[in-house]
Structures are given as C-alpha cells and as structure tokens.
There are 2 protein chains.
Amino acid sequence: MKVGFIGFGEVSYRLSNILLHGKVEVFTSLEGRSDKTKKLAYSSEVVILDTFKEVAKESDILVSANSPNSALAIAIKYGSLTDGLFLDLNNVSSNTTEKIANFLSEDHFIDAALMGGVKSDKLNLFVSGKLSYRIAELIGKLPASEDYKINVKIVSDKIGDVSKLKMLRSYYTKGVSALLIETFETAKSLGLDEDLWRVLSLTEGENFEKYSKSRIINSYKSSKRKYEEVEEILEFLDELNIDDSEDFDDRIMMCIATKNKFEYLKDKN
Amino acid sequence: MKVGFIGFGEVSYRLSNILLHGKVEVFTSLEGRSDKTKKLAYSSEVVILDTFKEVAKESDILVSANSPNSALAIAIKYGSLTDGLFLDLNNVSSNTTEKIANFLSEDHFIDAALMGGVKSDKLNLFVSGKLSYRIAELIGKLPASEDYKINVKIVSDKIGDVSKLKMLRSYYTKGVSALLIETFETAKSLGLDEDLWRVLSLTEGENFEKYSKSRIINSYKSSKRKYEEVEEILEFLDELNIDDSEDFDDRIMMCIATKNKFEYLKDKN
C-alpha cells in the first residue's frame with residue numbers, strides 16, 4: 001500500500017509514523033513548504049518526491065492534512081489526479097466538505113477526522129462516505145501492534161457525517177471552554193479558584209484540572225479563531241432549521257452565548 | 001465526641017455511618033419525620049432521642065442536613081440550643097448562609113458542604129468559618145481507616161466561602177448540563193448522538209458518558225428546580241457587581257444563557 005501526504009505537519013507526521021512502522025510506503029513532497037515542515041519531514045522516514053502531483057499519482061490513499069483555508073483548493077487540484085482514495089483530514093466545516101464533494105466523486109472522496117489526542121502513536125480515525133469501508137480494510141491489513149495503531153471507526157456511508165461530528169464536538173468543547181473561563185474568572189475574583197479546582201476535580205475526573213487549564217489558556221490565546229469557528233457552527237445550525245421553528249434560538253442558545261463570549265474575549269484582547 | 005443530626009436523609013446516614021465506625025456517639029430524633037427517614041434511621045446504629053431539642057443539647061457537633069427551605073428555621077431554633085458547633089450542610093445559597101450567620105455567632109456556626117459523591121463511606125467535607133479548624137481536629141481524632149473516611153478541607157476562616165464555592169460549582173456543572181442537552185439534542189436530530197458520545201469520550205474521560213447521561217436525565221427531570229438554582233446564582237453574581245461595570249453581563253453571559261435554557265426546558269415540560 002502507498003499513502004501520500006499533502007501537507008506534513010504534526011498530524012501527517014504521526015500518521016506516517018504508524019504507517020511506516022506497518023511497512024507502508026509513505027510519500028510527501030516539500031514543494032513550496034516551510035522550513036519547519038521540511039525539518040519534520042526529514043526527521044521521518046517518509047519518501048520525498050519532487051512534486052505533489054507525483055505524490056497524488058503514486059498514492060492508493062492521498063491524505064490532505066493542511067490548513068482549513070487550503071483544503072478546497074488542494075482537493076480540486078490533487079484529488080482529481082489520484083486513482084486512489086482522497087482523505088480530507090483538514091479541520092473544515094461541513095460546508096467546505098460539501099463543496100469538496102461537489103468536485104470529487106464518492107468513489108474517491110472520504111470525509112475523515114482524527115478524534116481524541118494526536119500526539120501519540122495510537123490514533124482514532126473516523127471516516128464517512130461510500131468507500132470508508134475501504135479505509136478500514138486497508139488499515140486493517142497493517143501488522144497488529146499495540147504501540148502503533150490506527151483505530152478506524154466508520155460513522156456512515158454519507159459524506160458530511162464526520163464533518164458534522166467534528167462540529168458537534170466543537171459545539172460542546174468550545175461551550176465548556178467559555179464556561180470555564182467565566183466560572184474561574186468569578187472564582188478568582190472571590191479568591192476561591194484553587195478551591196474550585198479541587199472541588200470540581202472530585203466529580204469531573206482526575207485530568208479535569210490539567211485539561212481545563214489548557215483549554216482556558218488556548219481560549220484566551222485564540223479567541224478570534226474560536227469565535228470564527230463558533231460562527232461557522234451557528235451557520236451550520238441555521239441551515240438545519242429547515243422548518244423555521246419559532247423556538248430555534250432557544251434550542252441553540254448555549255451556542256449563541258458561546259459565540260458572544262468569544263466575541264467579547266477577542267474584542268477585549 | 002457526640003454528634004447530632006437534624007434531618008436523617010442520605011447525607012446524614014452516610015456521615016453517621018463513618019462516625020459510628022469511629023466509635024463516635026451519634027444522635028438524631030424522629031420527631032415529625034417521614035416514614036422513609038424513620039426507616040433509614042432504624043437501619044443504622046444511631047441513637048434516637050425523643051426531641052431535636054435534646055439532640056441539640058447533647059451534641060458537640062450539631063449537623064443540620066435537611067432541605068434548603070428549612071435551613072434557616074432550623075438554625076434559628078436549634079443552633080442557639082447547642083453549646084457545640086453548628087454545621088450547616090443544607091444546599092443553601094450564600095444569601096441564606098449570611099442570614100444564618102446573623103443569628104448564630106461565629107463561635108458556633110460553620111459553613112460546610114460535602115463535595116464530590118455522597119454515596120460512599122469516603123466523604124469530602126469542606127468547611128469555612130473561624131472555628132472550622134475545630135472540625136478538622138475532631139474528625140482528625142477518629143481512628144484511621146481507609147474504608148471509612150471523612151477528608152476535611154478548611155477553605156478559609158470566613159463564613160460564606162464554602163457557600164460561594166457550592167455556587168461556583170453549580171455555576172459550572174449546570175452550564176455543562178445545559179450544554180450537554182443542547183449538543184445532544186442537535187446530534188440526535190442528525191442521527192449522530194451515539195458517535196458523539198464515542199468522540200467526546202476520547203477526550204473527556206472514561207466516565208464522561210455515564211455521568212453526562214445522568215446529568216441530562218436530571219436536568220430534564222428537575223428543570224424547574226435547576227432554573228431556580230441558577231436564578232439564585234445570578235442574584236449572587238449581581239451582588240458582586242459592586243462597581244456596576246458596563247461589561248458585567250458579558251462577563252456572566254454563559255450563566256445567563258444557562259438560566260434561559262432551564263427556563264425554556266421547564267416551560268416546555
């Protein structure tokens with residue numbers, strides 16, 4: 001099996017690491033790439049071709065793992081060049097996934113996302129689309145290893161379901177981040193933040209404090225990006241309101257508040 | 001040491017169980033109590049006196065574990081009858097705690113709460129107030145046991161801090177409940193709820209699904225009570241806005257949304 005990567009950041013690096021361990025031939029190109037990407041690619045055993053065009057032509061699975069902004073252009077440019085499966089791993093909205101689906105046939109395109117942590121050699125790959133079972137088959141052929149592992153979860157045969165799932169995850173986790181910021185700002189003003197960590201850790205699990213603190217830091221740091229992401233979720237939700245329900249805003253009010261919270265945070269910074 | 005309970009529900013039963021195991025003399029009365037309470041008291045080894053007046057007079061620590069509504073009346077009626085410490089364990093707002101503090105001197109009154117699960121023989125007791133160190137001393141004298149244990153955490157010497165901590169906990173957890181309901185209603189409408197549980201469990205911990213499902217069920221069932229509790233939190237937050245900040249509503253908007261969500265849910269049911 002041959003797997004090609006367009007874009008070679010953390011996600012591609014980790015995935016290729018597991019694939020290489022399973023004796024898969026892995027390709028990428030450094031055509032027009034940053035020094036950081038070059039360094040990461042050279043540090044791995046991946047085969048480097050001159051152009052992405054060659055990568056696309058060589059691959060049984062072509063993985064697009066770039067930025068959300070370039071996802072559509074990459075799909076259009078290279079998706080049609082490959083005879084293999086085209087896996088979009090970019091953090092795109094379901095709107096963008098739909099646009100890609102308009103260009104690539106369902107015999108090529110697979111809606112995909114890595115869920116859970118990506119900084120290990122055990123990854124969870126969620127896929128949807130008519131041919132997602134092929135991904136499960138191909139990955140299933142890798143030699144079994146407890147330390148290097150890709151768990152493939154087929155969500156459905158519908159392109160878009162994995163993208164929706166990413167949005168739903170983001171809906172929840174961004175709401176939690178907004179709530180954490182608000183609650184702990186109040187606790188701090190009362191001198192009770194340390195005690196509140198202790199209290200909540202009793203019910204929310206042992207990693208709660210560590211994960212939540214990193215969520216708070218990220219939220220302050222990327223409030224603008226998070227605001228934009230929640231705006232995209234709201235656009236997606238609006239499209240779901242096909243029956244124009246009167247109480248639609250009531251049904252999504254936590255999401256609206258989350259958007260307003262990040263808008264407030266970004267304007268304050 | 002002698003400990004008396006006014007009210008004998010789950011919390012009193014669990015606490016008395018640990019105390020009895022530590023050879024503490026434990027009292028309560030069944031004066032005017034429900035059959036359910038009587039049954040629970042008879043199933044334990046607690047000594048039953050004729051009146052709560054006697055319980056109050058006998059006790060080194062008098063524990064009020066009743067309903068939020070009766071907390072103030074109990075504090076006024078029995079708090080002054082005891083020479084020992086008066087521990088309020090009711091789920092009251094910091095407003096009510098303040099009212100109790102106006103009746104009982106700081107040499108009697110201790111602001112207290114059990115945090116974390118209460119359905120085991122290991123409990124976490126958070127205390128604040130001038131004499132909270134006395135509680136730690138008295139509980140500290142119990143014979144050490146890994147299976148029967150009360151961890152005492154002194155928050156501060158200020159009456160009210162534990163009540164505030166309870167409100168902050170509720171601020172966060174009720175927000176999470178509102179968010180869970182909203183996210184999973186949307187996921188369900190897309191046929192992706194089971195997948196969303198799987199995805200979120202990857203990052204939110206192994207007990208996430210179990211705890212969250214019970215939060216969702218409780219929230220639907222008790223939306224009116226939860227609405228009232230979030231209203232109390234908002235009243236408390238309003239009082240914190242002493243400088244009348246213009247952006248105060250922005251700083252508490254997730255809490256406002258949580259209140260609106262539970263109002264919507266209660267009106268729908």
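Owing to the predicted nature of the structure, the values given are computational and were not obtained by experimental measurement. Chain letters run A, B, ... following the sequence lines, proteins first and then strands; every chain starts at 1.
- No side-chain heavy atom of B:T203 sits under 4.5 Å from any side-chain heavy atom of A:M115.
- Residue A:Y211 places its OH atom among 12 or fewer non-hydrogen atoms of other residues, nucleotides or ligands, all under 6.0 Å distant.
- Other residues, nucleotides and ligands contribute at most 12 non-hydrogen atoms within 6.0 Å of the CD atom of B:E98.
- Looking at every heavy atom in both residues, A:G175 comes nearest to B:L179 through C-CD2, 3.3 Å.
- Annotation for A:L196 and B:R169: closest pair CD1-N, 3.7 Å, computed over non-hydrogen atoms.
- Of the listed residues (A:E185, A:R198, A:K164), the one with the most heavy-atom contacts under 4.5 Å to chain B is A:R198.
- With a 4.5 angstrom heavy-atom cutoff, B:L192 touches chain A via backbone and side-chain atoms both.
- Using a 4.5 Å cut-off between heavy atoms, A:Y172 contacts chain B through both its backbone and its side chain.
- Each of B:M253, B:M254, B:E182 was evaluated against A:T258; a single residue qualifies, B:M254, per the side-chain contact (heavy atoms from CB on, under 4.5 Å) test.
- With values rounded to the nearest 0.5 angstrom, B:T186 atom OG1 is found 10.5 Å from A:I233 atom CD1.
- Looking at B:F208, only its side chain comes within 4.5 Å of chain A, counting heavy atoms on both sides.
- For the options A:L202, A:T173, A:V176, heavy-atom pairs under 4.5 Å to chain B are most numerous at A:L202.
- Put simply, the side chain of B:K166 does not reach to within 4.5 Å of the side chain of A:V199, judged on heavy atoms.
- Taking CG of B:D195 as the start and CD1 of A:I154 as the end, the distance is 11.5 Å to the nearest 0.5 Å.
- Contacts between B:L237 and chain A at a heavy-atom distance below 4.5 Å involve the side chain alone, from C-beta outward.
- For a residue to count as touching a neighbouring chain, one of its non-hydrogen atoms must lie under 4.5 Å from one of that chain's; by this rule A:E206 does not touch chain B.
- Residue contact with chain A, scored on non-hydrogen atoms closer than 4.5 Å, involves the side chain of B:L190 exclusively.
- Note on B:I252, B:I256, B:L180: by heavy-atom pairs under 4.5 Å with chain A, the leading option is B:I252.
- Contact of A:K153 with chain B is made through the side chain alone, with heavy-atom distances under 4.5 Å.
- Two residues are said to be in side-chain contact when any heavy atoms from C-beta on lie closer than 4.5 Å; B:Y264 and A:R251 meet this criterion.
- Atom NZ of B:K213 sits in a crowded spot, with more than 12 heavy atoms from other residues, nucleotides or ligands closer than 6.0 Å.
- Looking at A:L240, the atoms closer than 4.5 Å to chain B (heavy atoms on both sides) all sit in the side chain, from C-beta outward.
- At most 12 heavy atoms of other shown residues, nucleotides or ligands fall within 6.0 angstrom of atom NZ in A:K158.
- The greatest number of non-hydrogen atom pairs below 4.5 Å with chain A, out of B:K268, B:E204, B:E263, is found for B:E204.
- Contact annotation for A:F184: neither backbone nor side-chain heavy atoms come within less than 4.5 Å of a heavy atom of chain B.
- Within the 4.5 angstrom heavy-atom criterion, no atom of A:L265 approaches chain B.
- The contact between B:Y171 and chain A is made by backbone and side chain atoms together, counting heavy-atom distances below 4.5 Å.
- Contacts of B:E194 with chain A are absent, with no heavy-atom separation under 4.5 Å from either backbone or side chain.
- For a residue to count as touching a neighbouring chain, one of its non-hydrogen atoms must lie under 4.5 Å from one of that chain's; by this rule B:N207 does not touch chain A.
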